[in-house]
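Beneath this line is the structure, given in structure tokens, with notes to follow.
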Amino acid sequence: HRDLHKEYRRQRQMCIRDRGGILAGTEMTRTHALNHPRSWLLSGSQPPGVAAAQKAAIEVLMNEPEHHARLWENTNYFRKELQSMGFDTGDSETPIIPVMCGESSTAKAMTQALGEEGVMAGAIVFPMVARDKARIRTQMSAGLSRQDLDDVLACFEKVGPQIGVI
């Protein structure tokens, strides 16, 4: 239960923050980070417009649950279709679905080929990930239609064999 609570807090911070990052470590590391970095000591609060936008986003999520449901429908559909084509989607359980490529050069080539098909997809390469864990980062949205997803999937299906990912 405690680990789930910490993970929830981390995810919430990643979703709601307007700048910055996340730090994980011992209590001593946390205390040091809170009391020594100039960027934390001298930073002001977030701009009022950012706070208002965050509040409005939370209100939409609370009052219009169909967006959350649609996000997960899109996520589950896209992941299942990628896997059925033979792509390795790693172990992500979030709407950020990796397409594992192995070497950085493979991920970069796949990004280039997808771009030529009109699909913008970012390569996550070493040193952001281990040398043999490069990937394409896809991110689902509730605003995508089934046709949008199918169009992108068709591009992955075309490019994957060309690059040697499937």
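Everything quoted here is computed from the prediction, not taken from an experiment. Reckoned from all heavy atoms, side chains included, excluding hydrogens, waters and symmetry mates.
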*Is the backbone N or O of Arg135 less than 3.5 Å from a side-chain atom of Arg137, with the two atoms forming a donor-acceptor pair by type?*
no
*Decide whether Ile136 and Val119 are clustered together by the hydrophobic rule: side chain heavy atoms of Ile, Leu, Val, Met, Phe, Trp, Tyr closer than 4.5 Å, transitively.*
yes
_Going by salt bridge (charged side-chain N to carboxylate O under 4.0 Å, His left out), name the pairs with one or both residues in residues 62-82, residues two or more places apart or in two chains._
Arg70-Glu73
_Reported OG1-to-CE distance for the pair Thr106 and Met100, which is rounded to 0.5 angstrom_ = 11.5 Å
*Determine whether Met140 and Leu149 make a side-chain contact, defined as any pair of heavy atoms from C-beta on separated by less than 4.5 Å.*
yes
*asked:* For Pro98, is there any backbone N or O sitting under 3.5 Å from a side-chain donor or acceptor partner on Ser92?
replied: no
*pair Asp150-Tyr77: side-chain heavy atoms closer than 4.5 Å*: yes
*How far does CH2 of Trp72 sit from OG1 of Thr94, to the nearest 0.5 angstrom?*
6.0 Å
*Do Leu114 and Met110 have side-chain heavy atoms sitting under 4.5 Å apart?*
yes
*Interatomic distance, Ile166 atom CD1 to Asp88 atom CG [nearest 0.5 angstrom]*: 12.0 Å
_If I take atom CZ from residue Phe87 and atom OG1 from residue Thr138, how far apart are they, to the nearest 0.5 angstrom?_
10.5 Å
In residues 151-160, what donor-acceptor pairs under 3.5 Å come from side-chain atoms, sequence neighbours left out?
unit_1 : atom_1 : unit_2 : atom_2 : d
Asp151 : OD1    : Gln147 : NE2    : 2.7
Lys158 : NZ     : Glu117 : OE1    : 3.4
Lys158 : NZ     : Glu117 : OE2    : 2.9

